[in-house]
Amino acid sequence: MQANRKQLKKLNVLKSRSDFLKMREGKKWVSHGLILQIRENGTSDTRYGLTVSRKVDKSAVRRNRIKRRLRSVVCDVLPLYARPGVDYVLIGRPQTATRPYESLCGDLKWCLKKTGFLKEDAA
RNA sequence: CCAGAGGGGCGGAUGGCCGCUGCUUUUUGUAAAAAAGGUAGAGGAAAGUCCGGGCUUCACGGAAAGACGGCGCCGGGUAACGCCCGGGGAAGGCUUCAACGCCUUUACGGAAAGUGCCACAGAAAACAGACUACCUCGUCCUCGGACGGGGAAAAGGUGAAAAGGUGCGGUAAGAGCGCACCGCGCGACUGGCAACAGGAGCGGCACGGUAAACCCCGCCGGAAGCAAGACCAAAUAGGGACCGCGCUGCGGCUUCGGCCGCAAGGAUGGUUUCCGGAUCCGCGGUCCGGGUAGGUUGCUAGAGGCAAUGGGUAAUCAUUGCCCCAGAUGAAUGGCCAUCGCCGGGCGCGGAGCGAUCUUCGUCCGGUACAGAACCCGGCUUACAGCCCCUCUGGACAU
(Lines give C-alpha, C1' and ligand atoms only; values in the text may rest on other atoms or scores of the structure.)
Protein backbone atom coordinates (compact mmCIF):
# COMPACT_ATOMS: atom_id res chain seq x y z
CA MET A 1 0.00 0.00 0.00
CA GLN A 2 3.05 2.28 -0.05
CA ALA A 3 2.93 5.12 -2.53
CA ASN A 4 5.70 5.29 -5.04
CA ARG A 5 8.11 8.18 -5.17
CA LYS A 6 6.67 9.90 -8.23
CA GLN A 7 3.29 10.25 -6.61
CA LEU A 8 4.80 11.65 -3.40
CA LYS A 9 6.43 14.52 -5.24
CA LYS A 10 3.06 15.93 -6.18
CA LEU A 11 2.31 16.72 -2.52
CA ASN A 12 2.85 20.33 -1.47
CA VAL A 13 2.63 21.73 2.03
CA LEU A 14 0.28 24.45 3.16
CA LYS A 15 2.33 27.14 4.86
CA SER A 16 0.57 30.47 5.23
CA ARG A 17 -1.96 31.25 7.88
CA SER A 18 -4.41 32.60 5.31
CA ASP A 19 -4.49 29.18 3.59
CA PHE A 20 -5.50 27.56 6.86
CA LEU A 21 -8.20 30.15 7.50
CA LYS A 22 -9.69 29.49 4.06
CA MET A 23 -10.15 25.83 5.00
CA ARG A 24 -13.08 26.83 7.20
CA GLU A 25 -15.15 27.28 4.05
CA GLY A 26 -14.63 23.64 3.03
CA LYS A 27 -16.09 20.36 4.20
CA LYS A 28 -15.11 18.70 7.48
CA TRP A 29 -15.40 15.13 8.79
CA VAL A 30 -14.49 13.83 12.27
CA SER A 31 -13.18 10.31 12.83
CA HIS A 32 -11.85 8.60 15.93
CA GLY A 33 -8.18 9.23 15.22
CA LEU A 34 -8.21 12.51 13.30
CA ILE A 35 -10.30 15.32 11.83
CA LEU A 36 -10.17 16.10 8.09
CA GLN A 37 -10.85 19.49 6.51
CA ILE A 38 -11.14 19.44 2.75
CA ARG A 39 -11.49 22.13 0.05
CA GLU A 40 -10.89 22.39 -3.71
CA ASN A 41 -8.08 24.86 -4.48
CA GLY A 42 -8.72 25.47 -8.18
CA THR A 43 -5.34 24.17 -9.36
CA SER A 44 -4.02 20.74 -10.31
CA ASP A 45 -1.85 20.46 -7.16
CA THR A 46 -2.59 18.33 -4.14
CA ARG A 47 -1.69 20.17 -0.95
CA TYR A 48 -1.85 19.15 2.70
CA GLY A 49 -1.45 20.77 6.11
CA LEU A 50 -1.29 19.59 9.71
CA THR A 51 -2.76 21.19 12.82
CA VAL A 52 -2.07 20.05 16.36
CA SER A 53 -2.97 22.78 18.80
CA ARG A 54 -1.90 23.22 22.38
CA LYS A 55 -5.39 22.18 23.39
CA VAL A 56 -4.68 18.62 22.22
CA ASP A 57 -1.60 18.11 24.43
CA LYS A 58 0.43 20.54 26.50
CA SER A 59 3.67 18.64 25.93
CA ALA A 60 5.59 19.72 22.84
CA VAL A 61 7.15 16.29 22.55
CA ARG A 62 3.80 14.50 22.26
CA ARG A 63 2.44 17.18 19.88
CA ASN A 64 5.42 16.64 17.57
CA ARG A 65 4.87 12.89 17.65
CA ILE A 66 1.24 13.36 16.64
CA LYS A 67 2.29 15.58 13.72
CA ARG A 68 4.91 13.08 12.54
CA ARG A 69 2.44 10.21 12.58
CA LEU A 70 -0.11 12.29 10.67
CA ARG A 71 2.51 13.25 8.08
CA SER A 72 3.38 9.61 7.63
CA VAL A 73 -0.28 8.74 7.16
CA VAL A 74 -0.62 11.50 4.56
CA CYS A 75 2.37 10.20 2.57
CA ASP A 76 0.98 6.66 2.61
CA VAL A 77 -2.68 7.38 1.82
CA LEU A 78 -3.20 10.63 -0.09
CA PRO A 79 -1.27 9.86 -3.35
CA LEU A 80 -3.25 6.66 -3.86
CA TYR A 81 -6.69 7.51 -2.60
CA ALA A 82 -7.19 11.27 -2.85
CA ARG A 83 -8.31 13.40 -5.77
CA PRO A 84 -5.82 16.01 -7.06
CA GLY A 85 -6.52 19.73 -7.06
CA VAL A 86 -7.69 19.63 -3.46
CA ASP A 87 -6.33 20.98 -0.15
CA TYR A 88 -6.39 18.61 2.82
CA VAL A 89 -5.86 19.66 6.45
CA LEU A 90 -5.55 16.99 9.14
CA ILE A 91 -6.22 18.00 12.71
CA GLY A 92 -4.72 15.87 15.47
CA ARG A 93 -6.60 14.53 18.48
CA PRO A 94 -5.33 13.14 21.81
CA GLN A 95 -5.99 9.58 20.55
CA THR A 96 -3.77 10.11 17.50
CA ALA A 97 -0.64 9.40 19.54
CA THR A 98 -1.76 5.95 20.74
CA ARG A 99 -4.12 4.67 18.03
CA PRO A 100 -2.68 1.81 15.90
CA TYR A 101 -1.15 3.00 12.63
CA GLU A 102 -3.38 0.82 10.42
CA SER A 103 -6.46 2.31 12.12
CA LEU A 104 -5.23 5.83 11.46
CA CYS A 105 -4.87 5.08 7.74
CA GLY A 106 -8.37 3.64 7.81
CA ASP A 107 -9.65 6.78 9.53
CA LEU A 108 -8.29 9.00 6.75
CA LYS A 109 -9.82 6.79 4.02
CA TRP A 110 -13.14 6.85 5.87
CA CYS A 111 -13.08 10.66 6.00
CA LEU A 112 -12.29 10.82 2.26
CA LYS A 113 -15.19 8.53 1.50
CA LYS A 114 -17.63 10.40 3.69
CA THR A 115 -16.74 13.80 2.20
CA GLY A 116 -16.95 12.40 -1.32
CA PHE A 117 -13.35 13.05 -2.29
CA LEU A 118 -12.21 9.44 -2.52
CA LYS A 119 -10.56 8.82 -5.88
CA GLU A 120 -12.93 6.83 -8.12
CA ASP A 121 -10.36 4.44 -9.56
CA ALA A 122 -8.97 3.45 -6.12
CA ALA A 123 -10.24 0.15 -4.87
C1' C B 1 25.76 -8.30 51.57
C1' C B 2 21.58 -4.82 52.98
C1' A B 3 19.72 0.21 54.19
C1' G B 4 20.48 5.53 54.40
C1' A B 5 23.10 10.35 53.42
C1' G B 6 26.43 13.32 50.32
C1' G B 7 29.22 14.00 45.65
C1' G B 8 30.15 12.66 40.43
C1' G B 9 28.79 10.20 35.76
C1' C B 10 25.42 7.67 32.07
C1' G B 11 20.44 8.72 30.01
C1' G B 12 19.20 1.84 25.97
C1' A B 13 21.45 -1.42 21.59
C1' U B 14 21.21 -3.92 16.71
C1' G B 15 18.75 -4.92 12.09
C1' G B 16 14.84 -4.46 7.98
C1' C B 17 11.24 -1.48 4.75
C1' C B 18 9.77 3.60 3.73
C1' G B 19 10.90 8.87 4.39
C1' C B 20 12.99 14.37 6.10
C1' U B 21 16.96 18.64 6.44
C1' G B 22 22.03 20.61 5.56
C1' C B 23 26.74 19.82 3.08
C1' U B 24 29.25 17.21 -0.74
C1' U B 25 30.63 13.86 -5.22
C1' U B 26 29.18 11.87 -9.92
C1' U B 27 25.75 11.66 -14.02
C1' U B 28 21.84 14.01 -17.08
C1' G B 29 20.33 18.94 -18.58
C1' U B 30 21.21 25.49 -22.26
C1' A B 31 19.24 26.46 -17.55
C1' A B 32 15.94 25.77 -13.56
C1' A B 33 16.51 21.25 -11.64
C1' A B 34 16.44 15.87 -11.31
C1' A B 35 18.58 10.97 -10.23
C1' A B 36 22.20 7.93 -7.74
C1' G B 37 25.98 7.71 -3.87
C1' G B 38 28.59 9.55 0.53
C1' U B 39 28.42 12.22 5.13
C1' A B 40 26.34 14.91 9.51
C1' G B 41 21.74 15.56 12.17
C1' A B 42 18.28 17.34 19.87
C1' G B 43 19.42 17.67 25.78
C1' G B 44 21.31 16.99 30.75
C1' A B 45 18.21 19.54 31.58
C1' A B 46 17.25 21.57 24.64
C1' A B 47 12.37 23.25 29.83
C1' G B 48 11.25 27.75 33.33
C1' U B 49 12.94 32.53 30.89
C1' C B 50 15.18 34.00 36.88
C1' C B 51 20.42 36.50 36.69
C1' G B 52 25.22 37.68 33.87
C1' G B 53 27.49 38.64 28.99
C1' G B 54 28.46 38.62 23.47
C1' C B 55 25.88 40.54 19.10
C1' U B 56 22.27 44.23 16.75
C1' U B 57 19.45 48.81 16.53
C1' C B 58 18.20 53.64 18.81
C1' A B 59 20.76 58.71 20.93
C1' C B 60 27.09 62.05 16.93
C1' G B 61 30.30 60.34 20.78
C1' G B 62 31.87 60.73 25.89
C1' A B 63 31.64 62.20 31.11
C1' A B 64 29.22 63.59 35.63
C1' A B 65 25.01 64.23 38.78
C1' G B 66 19.93 63.20 40.30
C1' A B 67 15.86 59.74 40.29
C1' C B 68 14.81 54.57 40.17
C1' G B 69 16.26 49.42 40.51
C1' G B 70 19.65 45.61 42.12
C1' C B 71 23.58 43.78 45.20
C1' G B 72 26.03 43.76 50.37
C1' C B 73 31.37 39.23 55.96
C1' C B 74 36.67 38.52 53.72
C1' G B 75 40.03 36.62 49.88
C1' G B 76 40.31 34.25 45.18
C1' G B 77 38.25 32.49 40.12
C1' U B 78 35.84 34.64 35.80
C1' A B 79 34.43 38.39 29.94
C1' A B 80 30.82 39.11 33.82
C1' C B 81 27.36 37.72 37.63
C1' G B 82 22.88 37.66 42.45
C1' C B 83 27.43 32.11 39.99
C1' C B 84 31.69 28.92 41.70
C1' C B 85 35.92 27.81 45.23
C1' G B 86 38.44 28.62 49.88
C1' G B 87 38.27 31.06 54.66
C1' G B 88 35.79 33.70 58.94
C1' G B 89 31.59 34.91 62.22
C1' A B 90 26.75 33.44 63.98
C1' A B 91 22.80 29.77 64.79
C1' G B 92 21.33 24.58 65.25
C1' G B 93 22.50 19.26 65.86
C1' C B 94 25.82 14.97 67.37
C1' U B 95 29.80 13.07 70.58
C1' U B 96 31.78 14.41 75.36
C1' C B 97 31.87 15.64 82.51
C1' A B 98 33.36 19.81 79.64
C1' A B 99 36.55 21.79 75.99
C1' C B 100 38.38 20.08 71.41
C1' G B 101 36.21 17.88 67.24
C1' C B 102 32.49 16.55 63.29
C1' C B 103 28.02 17.80 60.41
C1' U B 104 24.19 21.22 58.61
C1' U B 105 22.23 26.11 57.68
C1' U B 106 23.17 31.21 56.82
C1' A B 107 20.32 38.51 52.07
C1' C B 108 26.02 38.00 57.18
C1' G B 109 27.50 46.35 55.66
C1' G B 110 25.79 50.29 59.40
C1' A B 111 21.39 50.52 65.48
C1' A B 112 27.09 56.28 69.47
C1' A B 113 23.55 60.18 61.64
C1' G B 114 18.33 60.49 62.37
C1' U B 115 13.02 58.71 62.52
C1' G B 116 9.51 54.79 63.60
C1' C B 117 7.83 50.20 66.16
C1' C B 118 8.24 46.74 70.59
C1' A B 119 1.22 44.08 71.36
C1' C B 120 -0.90 41.53 75.88
C1' A B 121 0.34 40.89 80.89
C1' G B 122 2.71 43.66 84.67
C1' A B 123 3.59 48.54 89.96
C1' A B 124 7.21 49.62 86.33
C1' A B 125 9.30 48.46 79.03
C1' A B 126 13.65 52.95 76.65
C1' C B 127 15.20 60.90 79.51
C1' A B 128 12.69 53.23 82.48
C1' G B 129 10.11 51.20 88.21
C1' A B 130 7.89 51.18 94.95
C1' C B 131 2.00 46.84 93.96
C1' U B 132 2.77 43.19 97.92
C1' A B 133 6.41 42.19 101.27
C1' C B 134 11.40 44.59 104.14
C1' C B 135 13.82 48.48 107.51
C1' U B 136 13.23 52.99 110.25
C1' C B 137 10.95 57.57 112.33
C1' G B 138 6.41 60.20 114.01
C1' U B 139 1.13 60.27 115.70
C1' C B 140 -3.13 57.52 117.55
C1' C B 141 -5.13 53.68 120.23
C1' U B 142 -8.84 48.55 121.86
C1' C B 143 -1.14 46.73 122.18
C1' G B 144 -1.06 44.99 117.70
C1' G B 145 -2.64 47.30 114.00
C1' A B 146 -4.07 51.98 111.26
C1' C B 147 -2.33 56.55 109.03
C1' G B 148 1.71 59.71 107.46
C1' G B 149 7.27 60.85 106.29
C1' G B 150 11.76 58.59 104.78
C1' G B 151 15.37 54.50 103.30
C1' A B 152 16.00 50.54 100.21
C1' A B 153 16.10 47.02 93.60
C1' A B 154 17.80 41.83 98.11
C1' A B 155 12.28 38.48 98.04
C1' G B 156 7.16 37.65 95.44
C1' G B 157 4.22 37.83 91.13
C1' U B 158 3.92 39.42 85.18
C1' G B 159 6.44 38.81 80.68
C1' A B 160 9.98 36.97 74.87
C1' A B 161 12.87 40.50 77.68
C1' A B 162 13.06 43.46 84.60
C1' A B 163 18.88 47.16 85.29
C1' G B 164 25.08 41.77 85.30
C1' G B 165 25.44 36.25 88.04
C1' U B 166 27.26 33.24 92.40
C1' G B 167 29.61 33.45 97.17
C1' C B 168 31.67 36.17 101.31
C1' G B 169 31.92 40.73 103.80
C1' G B 170 28.93 44.81 105.00
C1' U B 171 24.17 47.25 106.77
C1' A B 172 18.60 49.44 110.63
C1' A B 173 17.19 46.78 106.12
C1' G B 174 19.75 46.73 101.66
C1' A B 175 22.54 47.85 97.25
C1' G B 176 29.32 46.74 92.77
C1' C B 177 28.82 49.69 98.63
C1' G B 178 33.72 46.51 99.00
C1' C B 179 36.34 41.80 97.57
C1' A B 180 37.05 36.85 94.70
C1' C B 181 35.60 34.10 90.37
C1' C B 182 32.57 34.23 85.89
C1' G B 183 30.20 37.59 82.29
C1' C B 184 30.31 42.63 79.81
C1' G B 185 32.76 47.19 77.70
C1' C B 186 37.38 49.67 76.22
C1' G B 187 41.81 47.75 74.76
C1' A B 188 48.36 48.29 74.32
C1' C B 189 50.32 44.33 71.73
C1' U B 190 50.61 39.54 68.84
C1' G B 191 49.05 36.28 64.52
C1' G B 192 46.63 36.72 59.62
C1' C B 193 46.71 39.82 52.65
C1' A B 194 41.81 40.34 54.97
C1' A B 195 37.17 39.03 57.37
C1' C B 196 38.67 37.84 62.14
C1' A B 197 41.14 35.38 66.32
C1' G B 198 44.07 35.65 70.87
C1' G B 199 44.89 39.19 74.55
C1' A B 200 48.62 42.28 79.00
C1' G B 201 46.09 45.98 81.30
C1' C B 202 41.99 49.33 82.51
C1' G B 203 36.67 50.27 83.85
C1' G B 204 32.28 48.68 89.02
C1' C B 205 28.82 47.99 84.63
C1' A B 206 27.10 52.43 81.11
C1' C B 207 25.45 51.85 75.52
C1' G B 208 18.10 46.54 74.63
C1' G B 209 15.99 44.50 69.99
C1' U B 210 14.35 45.47 64.99
C1' A B 211 17.42 47.87 58.74
C1' A B 212 13.47 40.67 54.06
C1' A B 213 10.73 49.16 58.72
C1' C B 214 12.04 54.05 56.60
C1' C B 215 16.90 55.32 56.13
C1' C B 216 22.56 55.98 55.76
C1' C B 217 27.12 54.13 53.41
C1' G B 218 29.70 51.44 49.44
C1' C B 219 29.50 49.04 44.55
C1' C B 220 26.85 48.05 39.79
C1' G B 221 23.20 49.34 35.95
C1' G B 222 21.23 53.98 29.12
C1' A B 223 16.88 51.33 26.56
C1' A B 224 14.91 47.46 23.66
C1' G B 225 15.56 42.78 21.67
C1' C B 226 17.14 37.79 16.09
C1' A B 227 9.56 39.04 15.45
C1' A B 228 17.06 42.71 16.80
C1' G B 229 19.01 44.32 12.18
C1' A B 230 20.48 44.28 6.65
C1' C B 231 19.09 43.24 1.49
C1' C B 232 15.73 41.77 -2.80
C1' A B 233 10.78 42.67 -3.87
C1' A B 234 4.94 40.38 -6.87
C1' A B 235 -0.28 41.68 -7.15
C1' U B 236 -3.75 45.59 -5.62
C1' A B 237 -4.69 50.54 -3.91
C1' G B 238 -2.43 55.13 -3.42
C1' G B 239 2.00 59.16 -4.18
C1' G B 240 5.52 61.77 -7.63
C1' A B 241 7.91 62.93 -12.57
C1' C B 242 7.82 62.87 -17.94
C1' C B 243 5.69 61.89 -22.97
C1' G B 244 1.46 61.44 -26.59
C1' C B 245 -3.70 62.49 -27.63
C1' G B 246 -8.06 65.14 -25.81
C1' C B 247 -9.60 69.67 -23.24
C1' U B 248 -17.66 73.23 -24.23
C1' G B 249 -19.14 78.06 -21.86
C1' C B 250 -18.58 81.84 -18.02
C1' G B 251 -15.65 84.02 -14.00
C1' G B 252 -10.95 84.53 -11.41
C1' C B 253 -5.54 83.94 -11.21
C1' U B 254 -1.06 83.54 -14.23
C1' U B 255 5.73 82.66 -14.26
C1' C B 256 1.33 82.69 -20.74
C1' G B 257 2.98 76.34 -20.23
C1' G B 258 -1.66 76.27 -17.87
C1' C B 259 -4.45 76.09 -13.06
C1' C B 260 -8.98 76.77 -9.90
C1' G B 261 -14.44 77.39 -9.17
C1' C B 262 -19.41 77.08 -11.18
C1' A B 263 -22.60 75.51 -15.06
C1' A B 264 -23.33 72.46 -19.17
C1' G B 265 -21.88 67.99 -21.21
C1' G B 266 -19.85 63.15 -21.28
C1' A B 267 -18.75 58.31 -19.16
C1' U B 268 -20.21 54.12 -15.77
C1' G B 269 -24.55 51.15 -14.52
C1' G B 270 -29.73 49.06 -16.55
C1' U B 271 -33.04 44.05 -22.12
C1' U B 272 -34.70 48.74 -24.68
C1' U B 273 -36.83 53.97 -24.53
C1' C B 274 -38.08 58.25 -21.46
C1' C B 275 -37.83 60.81 -16.66
C1' G B 276 -35.39 61.28 -11.96
C1' G B 277 -31.22 59.97 -8.90
C1' A B 278 -25.94 58.07 -7.64
C1' U B 279 -20.55 58.01 -8.74
C1' C B 280 -16.47 60.00 -11.70
C1' C B 281 -14.13 64.13 -14.90
C1' G B 282 -9.41 63.04 -18.52
C1' C B 283 -7.37 58.58 -21.25
C1' G B 284 -3.01 55.66 -22.60
C1' G B 285 2.21 54.66 -21.91
C1' U B 286 7.16 54.87 -19.50
C1' C B 287 9.97 55.66 -15.15
C1' C B 288 10.95 56.71 -9.79
C1' G B 289 10.66 56.35 -4.43
C1' G B 290 8.27 54.39 0.02
C1' G B 291 6.44 49.68 1.21
C1' U B 292 2.92 44.72 2.28
C1' A B 293 2.75 39.31 1.19
C1' G B 294 6.86 36.39 0.06
C1' G B 295 12.15 35.42 -0.29
C1' U B 296 17.55 35.96 0.98
C1' U B 297 20.70 37.05 4.97
C1' G B 298 21.81 37.45 10.18
C1' C B 299 22.93 31.49 11.16
C1' U B 300 26.64 29.18 13.45
C1' A B 301 34.58 28.36 14.44
C1' G B 302 32.90 29.48 19.56
C1' A B 303 34.68 33.18 26.62
C1' G B 304 34.46 25.65 21.16
C1' G B 305 35.55 20.49 22.35
C1' C B 306 39.15 16.24 23.49
C1' A B 307 43.96 14.61 25.32
C1' A B 308 48.67 15.33 27.70
C1' U B 309 51.91 18.22 30.83
C1' G B 310 52.58 22.01 34.46
C1' G B 311 50.81 25.78 38.52
C1' G B 312 46.99 25.97 42.51
C1' U B 313 44.00 23.09 48.87
C1' A B 314 40.10 24.16 45.29
C1' A B 315 37.10 26.92 41.80
C1' U B 316 40.20 27.32 37.73
C1' C B 317 44.41 28.96 34.73
C1' A B 318 48.69 28.35 31.24
C1' U B 319 51.24 25.67 27.28
C1' U B 320 51.37 21.99 23.41
C1' G B 321 48.95 18.65 20.03
C1' C B 322 44.57 16.96 17.53
C1' C B 323 39.44 17.80 15.90
C1' C B 324 35.19 20.74 13.27
C1' C B 325 30.63 18.77 16.16
C1' A B 326 22.49 20.37 14.15
C1' G B 327 21.09 24.83 11.61
C1' A B 328 15.06 23.70 10.85
C1' U B 329 11.53 28.17 9.71
C1' G B 330 3.27 25.47 9.52
C1' A B 331 9.39 24.50 11.88
C1' A B 332 13.94 18.54 9.61
C1' U B 333 16.67 15.18 13.22
C1' G B 334 11.45 10.50 11.86
C1' G B 335 7.04 6.46 10.80
C1' C B 336 6.17 1.14 11.08
C1' C B 337 8.13 -3.64 12.49
C1' A B 338 11.46 -7.42 14.55
C1' U B 339 15.21 -9.14 17.97
C1' C B 340 17.96 -8.25 22.39
C1' G B 341 19.30 -5.46 26.86
C1' C B 342 17.78 -3.34 31.82
C1' C B 343 14.13 -3.14 36.07
C1' G B 344 9.79 -5.22 38.86
C1' G B 345 6.36 -9.33 39.64
C1' G B 346 4.29 -14.55 38.91
C1' C B 347 5.31 -19.75 37.65
C1' G B 348 8.58 -24.16 36.69
C1' C B 349 13.15 -27.42 36.91
C1' G B 350 17.70 -27.42 39.57
C1' G B 351 21.40 -25.66 43.38
C1' A B 352 22.89 -23.60 48.58
C1' G B 353 20.95 -23.64 53.67
C1' C B 354 18.31 -27.19 59.80
C1' G B 355 15.15 -23.11 58.50
C1' A B 356 13.50 -18.14 57.22
C1' U B 357 15.39 -17.29 52.59
C1' C B 358 18.88 -16.60 48.52
C1' U B 359 20.14 -17.93 43.53
C1' U B 360 21.79 -20.08 37.83
C1' C B 361 18.54 -21.03 33.82
C1' G B 362 13.75 -21.14 31.18
C1' U B 363 8.93 -18.98 30.45
C1' C B 364 4.73 -15.35 30.97
C1' C B 365 3.00 -10.36 32.22
C1' G B 366 4.03 -5.24 33.09
C1' G B 367 7.43 -1.02 32.89
C1' U B 368 11.64 1.47 30.00
C1' A B 369 11.49 8.33 32.64
C1' C B 370 11.63 13.84 32.33
C1' A B 371 11.42 16.06 28.08
C1' G B 372 12.17 18.70 21.47
C1' A B 373 17.42 23.12 19.52
C1' A B 374 14.77 28.25 17.20
C1' C B 375 20.88 34.01 17.52
C1' C B 376 24.88 32.16 20.71
C1' C B 377 27.54 31.43 25.42
C1' G B 378 28.31 31.27 31.42
C1' G B 379 25.17 30.23 35.66
C1' C B 380 20.72 29.36 38.75
C1' U B 381 16.01 26.85 39.46
C1' U B 382 12.66 23.00 38.45
C1' A B 383 11.40 17.72 36.21
C1' C B 384 13.42 12.68 35.78
C1' A B 385 12.34 5.29 34.75
C1' G B 386 16.53 3.03 35.75
C1' C B 387 21.96 1.99 36.07
C1' C B 388 27.30 2.76 37.46
C1' C B 389 31.50 4.85 40.53
C1' C B 390 33.58 7.23 45.12
C1' U B 391 33.22 8.73 50.42
C1' C B 392 30.75 8.39 55.16
C1' U B 393 27.16 6.25 58.78
C1' G B 394 24.25 2.08 60.73
C1' G B 395 23.10 -3.23 60.58
C1' A B 396 24.08 -8.55 59.28
C1' C B 397 27.77 -12.40 58.28
C1' A B 398 32.84 -14.23 58.43
C1' U B 399 37.67 -13.81 60.87
Exercise. Across all strands, who's sitting opposite B:C143 as a Watson-Crick or G-U wobble pair, both distances under 3.5 Å?
Worked result: none
Problem set entry | Complement of B:U158, any strand, by Watson-Crick or G-U distances under 3.5 angstrom | none
Seminar exercise, completed: If pairing means Watson-Crick or G-U wobble with both distances under 3.5 Å, then the partner of B:U309 is B:A318
Exercise. Can you check the A:Lys58 NZ to B:A383 C1' distance for me, whole Å?
Worked result: 15 Å
For this session: Mind calculating the distance between CZ (A:Arg47) and C1' (B:G330) to the nearest angstrom?
Result: 13 Å
Problem set entry | Watson-Crick or G-U counterpart of B:G129, or none if no pair lies under 3.5 Å | none
Exercise. Under 4.0 Å between a Lys/Arg side-chain N and an Asp/Glu carboxylate O for A:Asp107 and A:Arg99?
Worked result: yes
Problem set entry | A:Arg63 and A:Asp57 ion-paired at < 4.0 Å | no
Exercise. NA contact type, A:Val13, heavy-atom cut-off 4.0 Å: base, sugar-phosphate, or nothing?
Worked result: sugar-phosphate
For this session: Check every strand shown and say whether A:Arg62 touches a base, only sugar-phosphate, or nothing at a heavy-atom separation below 4.0 Å.
Result: nothing
Problem set entry | Residue met sooner reading RNA chain B from 5', once A:Ala97 and A:Ser59 are mapped to nucleotides | A:Ala97
Seminar exercise, completed: Here the pair of heavy atoms bringing A:Ser72 nearest to A:Tyr101 is OG-OH, 2.8 Å
Problem set entry | A:Arg63 vs B:A371: side-chain N/O to OP1/OP2 distance below 4.0 Å | no
For this session: Please state how far atom CG in A:Leu14 lies from atom P in B:A293, giving the value in whole angstrom units.
Result: 19 Å
Exercise. Heavy atoms, side chains only, cut-off 4.5 Å: are A:Lys67 and A:Leu70 in contact?
Worked result: no
Exercise. So which one's nearest nucleotide on RNA chain B is more toward 5', A:Asn64 or A:Arg99?
Worked result: A:Arg99
For this session: Calculate the interatomic distance between A:Asp57 atom CG and B:A47 atom P; express it in whole Å.
Result: 18 Å
Seminar exercise, completed: Applying the 3.5 Å cut-off to both distances, the Watson-Crick or G-U partner of B:U106 turns out to be B:G89
Problem set entry | B:G335 base stacked by A:Tyr101 (centroids within less than 5.5 Å, tilt under 30°) | no
Problem set entry | B:C242 - base-pair partner by Watson-Crick or wobble geometry, distances under 3.5 Å | B:G285
Exercise. Using purine N1 to pyrimidine N3 plus N6-O4 or O6-N4 for Watson-Crick, or N1-O2 and O6-N3 for G-U wobble, each under 3.5 Å, what pairs with B:G15?
Worked result: B:C337
For this session: Would you kindly give the CG-to-P distance between A:Asp76 and B:C17, to the nearest whole Å?
Result: 16 Å
Exercise. With a non-hydrogen cut-off below 4.0 angstrom, is A:Arg68 in contact with a base, only sugar-phosphate, or nothing?
Worked result: base
Exercise. Starting at CZ of A:Arg71 and ending at C1' of B:U333, how long is that distance when rounded to a whole Å?
Worked result: 12 Å
For this session: For the pair A:Arg93 (side chain) and A:Ser31 (backbone), establish whether a donor and an acceptor sit closer than 3.5 Å, ignoring hydrogens and angles.
Result: yes
For this session: Would you please say whether a donor-acceptor pair under 3.5 Å links the side chains of A:Tyr88 and A:Thr46?
Result: no
For this session: Write down the distance between CZ (A:Arg65) and C1' (B:C370), rounded to a whole number of angstrom.
Result: 17 Å
Problem set entry | Strand partner of B:A123, provided both Watson-Crick or wobble distances fall under 3.5 Å | none
Exercise. Taking O4'-C1'-N9-C4 for purines and O4'-C1'-N1-C2 for pyrimidines, is B:G199 syn (within 90° of 0) or anti?
Worked result: anti
Problem set entry | d(CG, A:Leu50; C1', B:C20) in whole Å | 13 Å
For this session: Go through the N and O atoms of the side chain of A:Thr51 and the base of B:G330, and report whether any donor-acceptor pair is under 3.5 Å.
Result: yes
